[in-house]
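Heads up, the thing below is written out as structure tokens.
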Amino acid sequence: MTPFTRKVILIIQSIPEGSVMTYGGVARAAGSPRAARQVVRILHSMSRKYRLPWHRVINAKGMISLTEDESASLQQLYLAGEGVVFDERGMVDLERYQYVPGPELELESELTGDFGAGAEDHLLPPLE
DNA sequence: CTCCTGACTCCGA
DNA sequence: CTCGGAGCCAGGA
């Protein structure tokens, strides 16, 4: 378990209900902008063990990337259940639903204790 | 060790 | 806007 993996897990767990993050967004937030594919891998191997809200992670186009229709429709079902709206093309409005934890804001909030609403329980532990 | 693969992205046409 | 190709990185064969 690398620090990166742990960060990814924490970040994903911090995505609020009704919001989504892109693979690349999670990777960026975890400090590795180019590690989108690793995020995917972590999702595969850790989602069950760490009870991750895997359905809130979608691709940069705002679409569900699952290949198996079965899981894909399940993911869309979950999101829809949280109030996320899909257009006729099966994509969500990222501008509206994407959750963006600031790059360094996690640390700041830890210091100031002042952070945006709904983002109080996603603090990263001291790593690195 | 090398090769292949993927729930990805970016960038140019 | 869509489409295609190259880049990306870590696991598994």
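Just so it is clear: chains get the letters A, B, ... in the order the sequence lines come, proteins before strands, and each one is counted from 1.
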Exercise for review: Assess whether side-chain contact (heavy atoms from CB on, under 4.5 Å) is satisfied between A:I58 and A:Q75, documenting all intermediate values.
Suggested key: CA-CA 10 Å; A:I58 59 182; A:Q75 177 169 21; 3.8 Å; yes

Point to revise | Evaluation steps, side-chain contact (heavy atoms from CB on, under 4.5 Å), between A:V85 and A:D93 | key: CA-CA 8 Å; A:V85 178; A:D93 181 357; over 6 Å; no

Review point. Quick one: how far along DNA chain B does chain A reach, first to last nucleotide 5' to 3', anything under 4.0 Å to a heavy atom?
Key: B:dG6 to B:dC10

Point to revise | Atom pair NZ (A:K49) and CE (A:M46), whose distance is rounded to the nearest 0.5 Å | key: 6.0 Å

Revision key, fill the gap. Here the gap from A:Y23 atom OH to A:I12 atom CD1, rounded to the nearest 0.5 Å, amounts to 9.5 Å

**Study point:** Per-nucleotide pairing state of DNA chain B [Watson-Crick or G-U, under 3.5 Å; [ ] pseudoknot-crossing; | other strand]
**Key:** .|||||.||||||

Review point. Do you know the tightest heavy-atom contact between A:S32 and A:F4?
Key: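 Where A:S32 meets A:F4 most closely, the heavy atoms are CB-CE1, 3.6 Å.
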
Exercise for review: Under the salt bridge (Lys or Arg N to Asp or Glu O under 4.0 Å) rule, collect the residues that match up with A:E17, sequence neighbours excluded.
Suggested key: none

Study note, to complete from the structure: Each nucleotide of nucleotides 8-13 of chain C classed B (base within 4.0 Å of a protein heavy atom), S (only sugar-phosphate) or -, in 5' to 3' order, makes BBBS--

What donor-acceptor contacts under 3.5 angstrom involve side-chain atoms of residues 63-71 of chain A, with partners at least two apart or in another chain?
from	atom 1	to	atom 2	distance (Å)
A:S65	OG	A:N59	ND2	2.7

Review point. For the side chain of A:T5 and the backbone of A:M1, is there at least one donor-acceptor N/O pair under 3.5 Å apart?
Key: no

Review point. Hey, does A:T22 reach any base, or is it just sugar-phosphate, or nothing, if we go heavy atoms under 4.0 Å?
Key: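 Counting heavy atoms under 4.0 Å across all strands, the contact made by A:T22 is with sugar-phosphate only.
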
Practice item. For side-chain contact (heavy atoms from CB on, under 4.5 Å), just list the numbers for A:M21 and A:R28, CA-CA rounded to whole Å, side-chain angles, deciding distance to a tenth of an Å, and then say yes or no. Key: CA-CA 11 Å; A:M21 268 187 93; A:R28 251 195 309 286; over 6 Å; no

Practice item. Kindly state each residue pair satisfying side-chain hydrogen bond (donor to acceptor under 3.5 Å, both in side chains) with at least one member in residues 78-91 of chain A, sequence neighbours excluded. Key: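 Sorted pair list: A:H55-A:E82, A:R56-A:E82.
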
